[in-house]
There are 2 protein chains.
Amino acid sequence: MQELKRLKREDLCRSMLERHADVISVQKPDVALKKLKVIISAALKLSNRKGFQAMSLRDLSKESGVSMGGLYAYFDSKTTLLNMILTEVTDAVETVLGNPPEEVTRDPITHLNWLIETHIRLTEEMQSWFSFAFMEAKNFPAKERDIAIDSEELTESYFSAVVERARAEGRFRAHVTPLLPTMIKPLLQDWYVKRAKYKRRGVSVEDYIRSVQEIVLAACLPLDQLAARSEGESGPDSP
Amino acid sequence: MQELKRLKREDLCRSMLERHADVISVQKPDVALKKLKVIISAALKLSNRKGFQAMSLRDLSKESGVSMGGLYAYFDSKTTLLNMILTEVTDAVETVLGNPPEEVTRDPITHLNWLIETHIRLTEEMQSWFSFAFMEAKNFPAKERDIAIDSEELTESYFSAVVERARAEGRFRAHVTPLLPTMIKPLLQDWYVKRAKYKRRGVSVEDYIRSVQEIVLAACLPLDQLAARSEGESGPDSP
DNA sequence: TCTTGTCAAGCGAGCGTTCGCTCGATAACT
DNA sequence: AGTTATCGAGCGAACGCTCGCTTGACAAGA
């Protein structure tokens, strides 16, 4: 989980600053970083409350304490602001899920469990970013919508690859639905999409992770291994 | 599936006409029904393309061929239009899922399979309505958002009830995650939320239904029954 | 030490546009 | 002729975005 430590809001804003240096007119890095953090925090808060489209730049100005003109020192259009946040989220997914620790990849089942856990913990850590990026993606301008879709497909491909490998190595039972990798995604997404519901019901991240892992493994592991697992509850991942 | 037959756009619009007779100023029923159908079809088409908020009433006027003033003979505000469609969707869910045929409810496993199949077929039949109602629900005004949330919880309660019954009757294995009923929902929703993706990949409704049923049953049935099922592929639902 | 010049940074009234919505005029029936 | 249905120009408000102006920190010149 050490990668998740690097994903604090400050680091993400620093990365945004570098990536979009051409449209950000503020020169002094410490001033720019401090104010960008305020702006992004306000943008996430407002657009999580009522959606990105419905968030007016006047709302954002009031919430962040930065004037209308001041905002445009950090982006050249509202769509660019969308793009900046979106890029940071999709980059985080690729960085974190695409670089599993070496010891995890030795066993495909361990790898599968790691992907599930890490994805949920990542979306937990960056909950407002993910809500922002994917909940209303279909209403984005074409280019930004494609970024969101590509990111989703990339995530699915990580699951497809590890499922395919487990199948090839004979670690799964004879019949596993070919839609399994696709269907893992909605299970993971529900954690940040319906976050309020789970909070209200007192479901912890750990409960949720374990539950998704159980459902996924129940759908693909050989039956004798399922039996062994349910006897030694909370047993190790690797055989 | 005979209930689904009743859910044609014409019937839904007729129902809307009755339910909102107080705000619809057009008197002649046949004229009103015909025009309402055109308006609703256009509204669903446009808001599925770019979201309800982003759909302006001028867009709707142009798409439907009804003037701005003409539209206001059928609703007194844009929010009322939202409410009219939303109410029809949630009502359809309640009517269809809440009234299973008697022969289905005898066995809880059969009932569970029926709920999964019927929910997916319902959302297939009314795909644009469901996208409209739930994809951007969190950006709705408070009252309409609550309607959408209540409808979701009602759906979940149907699954909770049948899962609880199966558990009580000893039809499930010893350990089943308590989050199972909650997690069925995102699996069902993915069918209309990511409809374009499944279409592109050539996944049929039947494939999808079977896949969800497999995953859900694998998570709760006793292991020996799972073994029996996988031998006699496409076996009957009841033992 | 004090004055003055400079310029990045920030401000907010105001631009053109589009929004949801209204209403008096007109058209189409009975 | 009288009722019902439809129209679309027009309203005030709010939108994304701009631009002339103010501010404040800092360094050079006296």
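Just so we're on the same page: letters track the sequence lines, and every chain starts at 1. A quick note: this is a predicted structure, and the numbers were derived from the prediction, not measured.
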- Task: Specify the separation, in whole Å, of atom CG of B/D30 and atom P of D/dT4.
- Result: 15 Å
- Among residues 31-45 of chain A, which contact DNA chain D at a heavy-atom distance under 4.0 Å? none
- Are side-chain N/O atoms of B/D190 and B/Y198 paired as donor and acceptor at under 3.5 Å? yes
- Item | Stepwise side-chain contact (heavy atoms from CB on, under 4.5 Å) check, A/Q189 with A/E152 | CA-CA 10 Å; A/Q189 284 180 313; A/E152 272 225 33; 3.1 Å; yes
- Query: Judged by modelled atom types alone, do B/W129 and B/E88 share a side-chain donor-acceptor pair under 3.5 Å?
  - Reply: no
- Message: Under 4.0 Å, heavy atom to any atom of DNA chain D: which of residues 72-81 of chain A qualify?
- Response: A/Y72, A/S77, A/K78
- Note on the structure: What one should report as the nearest heavy-atom pair of B/K197 and A/E153 is CD-OE2, 3.9 Å
- Query: Counting only non-hydrogen atoms, which of residues 47-58 of chain B are less than 4.0 Å from DNA chain C?
  - Reply: B/M55, B/S56, B/L57, B/R58
- Would you say the side-chain atoms of A/S151 pair up with the backbone N or O of A/A148, donor to acceptor, closer than 3.5 Å? no
- Is the closest side-chain heavy-atom distance between B/K143 and B/T79 below 4.5 Å? no
- Message: Show the nearest heavy-atom pair for residues B/V89 and B/M126, with the distance to one decimal.
- Response: CA-CE, 4.3 Å
- Measure across A/Y74 and A/A32 and return the closest heavy-atom pair with its distance rounded to 0.1 Å. CE2-O, 3.6 Å
Shorter than 3.5 Å, N or O on both sides, protein versus nucleotides 24-27 of chain D: list them out with atom names.
none

Identify every side-chain donor-acceptor pair in residues 64-71 of chain B under 3.5 Å, counting partners at least two apart or on other chains, and give the distances.
{"unit_1": "B/S64", "atom_1": "OG", "unit_2": "B/L60", "atom_2": "O", "d": "2.7"}
{"unit_1": "B/S64", "atom_1": "OG", "unit_2": "B/S61", "atom_2": "O", "d": "3.4"}
{"unit_1": "B/S64", "atom_1": "OG", "unit_2": "B/V66", "atom_2": "N", "d": "3.3"}
{"unit_1": "B/S67", "atom_1": "OG", "unit_2": "B/G70", "atom_2": "N", "d": "3.0"}

- Item | Close residues, residues 59-71 of chain A, relative to DNA chain C [heavy-atom separation under 4.0 Å] | A/G65, A/V66, A/S67, A/M68, A/G69, A/G70
- Message: Has A/T90 got a side-chain atom pairing as donor or acceptor with A/T87's backbone, closer than 3.5 angstrom?
- Response: yes
- Between B/K45 (side chain) and B/I40 (backbone), is there a donor-acceptor pair under 3.5 Å? no
- Query: With side chains defined as the heavy atoms from C-beta onward, is the minimum distance between A/I116 and A/F159 less than 4.5 Å?
  - Reply: yes
- Message: Would B/K78 and B/F52 count as a cation-pi pair here, with the cationic atom under 6.0 angstrom from the ring centre and within 45° of the axis?
- Response: yes
- Can you tell me if B/N83 and B/T80 form a side-chain donor-acceptor pair at under 3.5 Å? no
- Message: Under a plain distance cut-off of 3.5 Å, with no hydrogens placed, do B/R9 and B/S41 share a side-chain donor-acceptor pair?
- Response: yes
